[in-house]
Amino acid sequence: MARPNEQVGALLQEYADLVAITGGAPYRARVYEKAARSVAGHHLDVSTLDAAGLREIPNVGDSIAAKVVEYFRTGRIEEVERLRARIPAGVRELTRIPTLGPRKAMMLYDERGIASVQDLLDALDAGRLKGLKGFGPKTEENLRHGITLLRQAGGRVTLDVAMELAEEIVAALSAVPECERCAYAGSLRRMRETVGDLDILAASTKPRPLMKALTGLQLVSEVIAHGDTKTSVRTTTGMQVDLRVVPPESWGAALQYFTGSKAHNVRTREIAVRQDLKLSEYGLFTVPPAQRRRRRKAGLTAEQEAVAEVLEPDGQGEPREPPDSEAGELVVSKSEKEVYARIGLPWIPPTLREDRGEIEAARDGTLPDVVTEQDIRGDLHTHTDLTDGVAPMTEMVAAAAERGYDYYAITDHAPNLYMQRMTDEKMLAQREQLHALAKRYPRLTLLHGTELNIDPDGEVDWPAEFLAGFDICVASVHSHFNQTRAQLTRRLVRACENPHVNVIGHPTARLIGHRPPIDVDLEAVYEACAHTGTALEVNASPDRLDLGDENILAARRHGVRFAVDTDAHAVAHLDYLRYGVGTAQRGWLTADEVINTWPLRRLRTFLRKGRKGRKKP
DNA sequence: GCCGTTTTCGGCCCGACTGTTTTCAGTCG
């Protein structure tokens, strides 16, 4: 449903960028930007709307509605094409470099002919920016740093981008009659925070029609390799997709193999080898005595043998021939559970398969019962169009009810984020509206909260009396990211010590591929959270995933509680929950450690943070 | 180009920081 909306949103955003770069009136760029957000986040499929319907969307008037109609009629927007012809795509790409905005990008293009990130790097190396107004030594340094940040993502994409593509491909392949099963594997199934390429697995006795279906997809721009059981393609967005087709009876072993990680696979194969078994993507096999003798003679340790067995799980290696009689008898291979069981392990959730102790835990029976999406009873950090969200409260709440939540918190920004223009009156009026709305949803408890801004000293927007009126307060860092480590640590610890602050939102403030995490002594923050009864957020927005998995692993050792929240700014963002839960799983979190899996009563007790309960009139 | 307890025209997200500019432009949230 969201795809056409996102397409149009992206196109309007591009137009906004191009207007800004070409130096059009600043309000014009802003208006297209607002419209882009509104359209992308709109709850109805915009491809089904006529001009009148489109004008119902906030920030969409006659002119933009006409452009959207034009897009669905012709596949393009003339005005956008006109600007594209004037400005090379690489110039817009330049504005993705942090600290480089539209004005400077245009100056680089006009004055030095720089039309790509690589051009810029070359110009920096050749000292060709010297004498250009506004580009001193410090700016050059910032640009280099920004390019490094951008490249660190290294062609990897965020989870939502990978997931959307994967689900589209899996759906297309599943529709092929010869397809018995199809699923995505690899780092996406493990929910790593970024994904380099997609591993798609299918089960069929007739692989050819599946290969053909993949290469025939509209989104494919190039066929990289095309064999009997493996096909690799590149999509129009530049992503590599590998499809492997295996016999249906090999499904479980293949899924295990292609889900990885490599380190996890080495360990599982090692365990198999020790039991005179052999685990491949085709199944778990006995090792015939002759082969066993050869093994012993070669003097390979189980580990060496396991390493030799493991090809690159991300599809680098050539597909092996299915095993012949020499390989021994097939023991199991139909399901992952069978495969793990036969080597003496319980099934291990894909999100744990990183060789970070899960093998040992599985063997000892101490594998965590990780939190699942079904465990989540409510979202505790969401926005509406009262601040920077794009959907009215009524729509956000309706969507929350639709998801079957027990409770749901609206947490719009507080006044210190000045651009949001929040006031006490607006916040109190929203509370009234929320209470009125609550009557329509007897099974959903609506919580009125706010997302406070943690200022450089660790103070938040409102005094205690006003904060006491909220059911829940999230508090987050939104600026002054470059304070010293000591200042930042003090700042977050002070926020935790505020008796009204319940959750620290996106604790490291990182934006994946754009902004590094703040330099803070997280151990001190974990300690403060555990001590004060403040939860740490696992922000599910795919650009953030903050805290990330490794930080979660560290934090939980302090006995910290967590809140897995979407920070939704649109109805569609409520679905980001899956990425937050995936990240929480990668951090080994159980439901009991996540406050928004708790029944309302227990949650309320936690939110009081040791204060006396408010008296209800 | 959109919008309206500021309503059919005249405004439009505000404030701070950074770097290089000697008085401010560009970027960010």
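Not measured: the values here are computed from a predicted model. Chain letters run A, B, ... following the sequence lines, proteins first and then strands; every chain starts at 1.
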### Query
Does NZ or CZ of A:R431 come closer than 6.0 Å to the centre of the six-membered ring of A:F470, within 45° of the ring's axis?
yes
### Summary
Among the nucleotides B:dC3, B:dG29, B:dG1, whichever has the atom closest to the side chain of A:N59 is B:dC3
### Query
Heavy atoms under 4.0 Å, any strand shown: does A:N142 hit a base, just sugar-phosphate, or nothing?
sugar-phosphate
### Task
Kindly say whether A:H42 contributes a backbone atom to a donor-acceptor pair with the side chain of A:N5 at under 3.5 angstrom?
yes
### Task
Could you tell me whether the phosphate oxygens of B:dC13, OP1 or OP2, come under 4.0 Å of any side-chain nitrogen or oxygen in A:K34?
yes
### Message
Could you go through A:E140 and A:K138, starting from their C-alpha distance and side-chain angles, then the distance that decides it, and tell me whether this counts as salt bridge (charged side-chain N to carboxylate O under 4.0 Å, His left out)?
### Response
CA-CA 5 Å; A:E140 291 200 0; A:K138 192 74 194 177; over 6 Å; no
### Query
Contact class for A:I64 (heavy atom, under 4.0 Å): base, sugar-phosphate, or nothing?
sugar-phosphate
#### Entry: A:K130 to A:F135, cation-pi by 6.0 Å centre distance and 45° axis angle
no
### Task
Nearest whole angstrom, please: distance from the C1' of B:dC13 to the NZ of A:K426.
10 Å
### Task
Please state how far atom CG in A:D17 lies from atom C1' in B:dG26, giving the value in whole angstrom units.
15 Å
### Message
Whether A:K67 engages the ring of A:Y15 as a cation-pi pair (distance to the six-membered ring centre under 6.0 angstrom, angle to the ring normal within 45°) should be assessed.
### Response
yes
### Query
Rounded to whole angstrom units, what separation is found between the CG atom of A:L100 and the C1' atom of B:dT18?
14 Å
### Task
Please state whether the phosphate of B:dC17, meaning OP1 or OP2, lies under 4.0 angstrom from any side-chain nitrogen or oxygen of A:H480.
yes
### Task
Report yes if at least one side-chain N or O of A:R515 is closer than 4.0 Å to OP1 or OP2 of B:dG29; otherwise report no.
yes
### Query
About how many Å separate CG of A:L444 and CG of A:L437, when rounded to the nearest 0.5 Å?
9.0 Å
### Whole-Å gap separating P (B:dC2) and OH (A:Y32)
6 Å
### Query
Does B:dA25 have OP1 or OP2 sitting under 4.0 Å from an N or O in the side chain of A:R103?
no
### Query
Looking at A:T139, does any N or O in its side chain come under 4.0 Å of the phosphate oxygens OP1/OP2 on B:dT20?
yes
Identify the pairs formed between an N or O of the protein and an N or O of nucleotides 5-10 of chain B at a distance under 3.5 Å, and give each distance.
none

### Task
With DNA chain B as reference, determine whether A:E33 or A:I57 sits nearer its 5' end, using the nearest nucleotide of each.
A:I57
### Task
Determine, for A:E550 against A:R586, whether the closest basic-nitrogen to carboxylate-oxygen distance falls under 4.0 angstrom.
no
### Query
Checking all strands, does A:F481 fall into the base, sugar-phosphate, or nothing category for heavy-atom contacts under 4.0 angstrom?
sugar-phosphate
## Note on the structure
Paired to B:dT8 by Watson-Crick or G-U wobble criteria (both distances under 3.5 Å) is none
## Note on the structure
Separation of B:dA25 atom C1' from A:M107 atom CE, nearest Å, is 9 Å
